[in-house]
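Worth saying up front: this structure is predicted, and the values here are computed from it rather than measured. Heavy atoms only: backbone and side chains are in, while hydrogens, waters and symmetry mates are out.
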Amino acid sequence: MKKVDIIGGGIAGLALAARLDPGAFDVTVYEQRPELPAVGTTLAMWPGAQDALAKIGILGPVRSRGSIIAGGALRSPQGEALLSMDGGGLVGISRPELLKLLNMAVPSSVTRSVGRVDRVQGGAWLTVGADGVNSVVRRSYWGERSAAKPTPFLAVRGVVPSTPEPGDVGEYWGRGEIFGLAPAVGGSNWYASYRSDLGPDKVEAPEALEITRRRYAGYPEAVKKVLAQASEETSLAQRIWTTPPLARYARGNVVLIGDAAHAMTPNLGRGACEAIIDAVTLGDLLNEQPLDAALAAYGSKRVLRTQQLRIASALMGSVAMAQGMQPLRDGVLKRVGKRVSKASAQAGTSK
């Protein structure tokens with residue numbers, strides 16, 4: 001049995017533990033939290049992530065416990081739709097529910113170790129850094145230059161019991177700020193992001209909520225209604241951190257997956273999806289190939305793809321959170337929206 005130490009029991013770590021062959025690997029998952037989180041917002045599962053969840057065997061439960069994201073729009077702070085977007089088969093599921101399903105998929109043979117890992121012991125056949133943006137594994141083996149860096153932006157998000165109207169769903173892009181609203185099972189998922197001096201470490205939800213309510217006081221009633229319902233018990237607030245670019249995700253018998261490898265801004269909604277794809281890709285390769293070949297193939301499949309998404313997400317964020325030239329940006333979005341609508345109408349007529 002080959003000993004595999006997975007540092008981090010979040011989405012990436014649990015997905016890998018669920019995919020590794022229990023007959024070939026002696027797996028230990030190290031996680032500092034004694035219990036799975038009870039609070040978390042909705043994550044959009046793109047088709048590639050759905051394929052990976054199918055391999056783990058939980059796509060059915062994810063779909064039954066989640067919700068189909070039919071679509072939405074990019075909107076102005078006044079609520080005007082600038083560019084409509086099709087959901088394209090995306091499935092939304094809450095982070096706690098996804099973690100619960102992944103946790104249930106982990107074989108009983110996997111050892112669980114609860115406690116904070118401040119130093120990597122080594123000695124395993126393979127050590128996996130699945131310990132998030134502030135990864136101890138990455139800093140230990142890639143050096144302090146690989147340390148995560150805080151962005152100027154705060155992310156405040158939560159769930160409320162009321163369901164949004166279809167005409168209110170989407171992202172509202174303002175001056176240096178965005179607000180997102182989407183349906184979730186039993187209510188609405190919301191998120192806000194803007195420049196803030198809070199943090200960068202622990203950010204208290206009550207203070208962040210109060211600032212957020214004041215900041216979006218001039219937005220449409222749908223936004224104000226959601227923020228009025230938001231409570232500190234069902235909301236999270238944290239600084240957005242990112243990782244610097246990495247040219248490879250493996251060194252010797254140490255490999256990174258998920259946010260430990262490529263933490264990105266949330267503007268494309270791809271972080272959790274790419275973490276799941278990382279884990280399933282790596283697990284499949286380790287199940288089938290020798291270690292060196294598996295890690296080389298993992299790098300070939302995942303480094304360029306995820307680094308491109310990291311850059312694209314940052315670029316999208318710079319447009320969405322721009323401090324100036326909003327009329328020009330919104331005018332471009334509106335023109336693109338009209339062209340998309342016209343093309344869709346013509347395609348429908350030609351059928």
Side-chain angles (χ1 to χ4, degrees), residues 4-20 27-46 48-49 52-53 55-56 58 61-62 65-66 92-107 110-118 120 126-140 146 148 155 157 191 201-202 236-243 246 249 254-266 269-283 298 302 306 309-310 313:
V4 176
D5 287 344
I6 302 175
I7 314 301
I11 290 174
L14 291 176
L16 178 59
R19 191 59 183 161
L20 287 172
V27 179
T28 300
V29 176
Y30 296 82
E31 171 54 43
Q32 63 179 333
R33 297 171 301 189
E35 298 178 351
L36 295 174
V39 178
T41 53
T42 298
L43 302 171
M45 295 291 102
W46 289 69
L53 291 170
K55 289 185 176 181
I56 295 173
I58 62 171
V62 165
R65 301 186 193 188
I93 184 167
S94 74
R95 182 181 292 271
E97 196 66 38
L98 177 60
L99 285 168
K100 187 185 302 182
L101 291 171
L102 287 169
N103 191 56
M104 292 170 59
V106 174
V110 171
T111 301
R112 312 295 188 107
S113 178
V114 177
R116 182 179 177 85
V117 175
D118 292 314
V120 181
L126 177 66
T127 298
V128 181
D131 47 344
V133 63
N134 291 304
S135 170
V136 171
V137 177
R138 188 185 64 248
R139 294 201 310 274
S140 297
S146 72
R157 48 198 170 179
Y191 53 93
D201 297 317
K202 185 173 177 58
L236 298 171
Q238 58 191 168
R239 174 73 60 176
I240 297 175
W241 294 69
T242 60
T243 52
L246 296 180
Y249 295 163
V254 178
V255 65
L256 304 175
I257 60 176
D259 281 353
H262 46 70
M264 60 189 76
T265 65
R270 299 298 290 261
C273 292
E274 299 308 314
I276 295 167
I277 297 171
D278 282 353
V280 170
T281 300
L282 179 61
Y298 170 69
R302 300 302 298 154
T306 51
L309 285 170
R310 186 186 63 79
S313 189

Does the side chain to side chain contact (heavy atoms under 4.5 Å, CB included) test come out yes or no for Trp241 and Asn134, once each step is laid out? CA-CA 8 Å; Trp241 294 69; Asn134 291 304; 3.9 Å; yes

Under the side-chain hydrogen bond (donor to acceptor under 3.5 Å, both in side chains) test, residues paired with Asp201 that sit two or more places apart: none

State, with a plain yes or no, whether a side-chain heavy atom of Leu16 is found less than 4.5 Å away from one of Ile257. yes

Could you give all pairs that pass the salt bridge (charged side-chain N to carboxylate O under 4.0 Å, His left out) test and reach residues 28-46, with sequence neighbours left out? Glu31-Arg33

Atom CD1 in Ile240, atom CE in Met264: separation rounded to 0.5 Å? 13.0 Å

Residues at least two apart in sequence or cross-chain that pass side-chain hydrogen bond (donor to acceptor under 3.5 Å, both in side chains) with Asp131, listed by chain then number, are Ser135

Got a donor-acceptor contact below 3.5 angstrom from the Arg19 side chain to the Ala279 backbone? no

Test salt bridge (charged side-chain N to carboxylate O under 4.0 Å, His left out) applied to Arg65 - qualifying residues, sequence neighbours left out: Glu97

For Thr28, the side-chain contact (heavy atoms from CB on, under 4.5 Å) test, sequence neighbours excluded, returns Lys3, Asp5, Tyr30, Thr111, Ser113

Any residue meeting salt bridge (charged side-chain N to carboxylate O under 4.0 Å, His left out) with Arg239, in chain and number order, not counting sequence neighbours: none

Output all residues satisfying salt bridge (charged side-chain N to carboxylate O under 4.0 Å, His left out) with Arg302, sequence neighbours left out; order by chain, then residue number. Glu274, Asp278

Taking only residues two or more places apart in sequence or in another chain, which ones pass side-chain hydrogen bond (donor to acceptor under 3.5 Å, both in side chains) with Thr306? Tyr249

Sorted by chain and residue number, the side-chain hydrogen bond (donor to acceptor under 3.5 Å, both in side chains) partners of Ser94 (sequence neighbours excluded) come out as none

Can you name the residues that form a side-chain contact (heavy atoms from CB on, under 4.5 Å) with Ile58, not counting sequence neighbours? Leu53, Ile56, Val62, Leu101, Leu102, Ala105

Expected output: side-chain Arg310 to main-chain His262 donor-acceptor under 3.5 Å: no

Hey, what do you get for CG (Leu98) to CE (Met45), rounding to the nearest 0.5 Å? 5.5 Å

Heavy-atom side-chain contact between Leu99 and Ile11 under 4.5 Å: yes

To the nearest 0.5 Å, atom CG of Leu256 lies from atom OH of Tyr298 at 7.5 Å

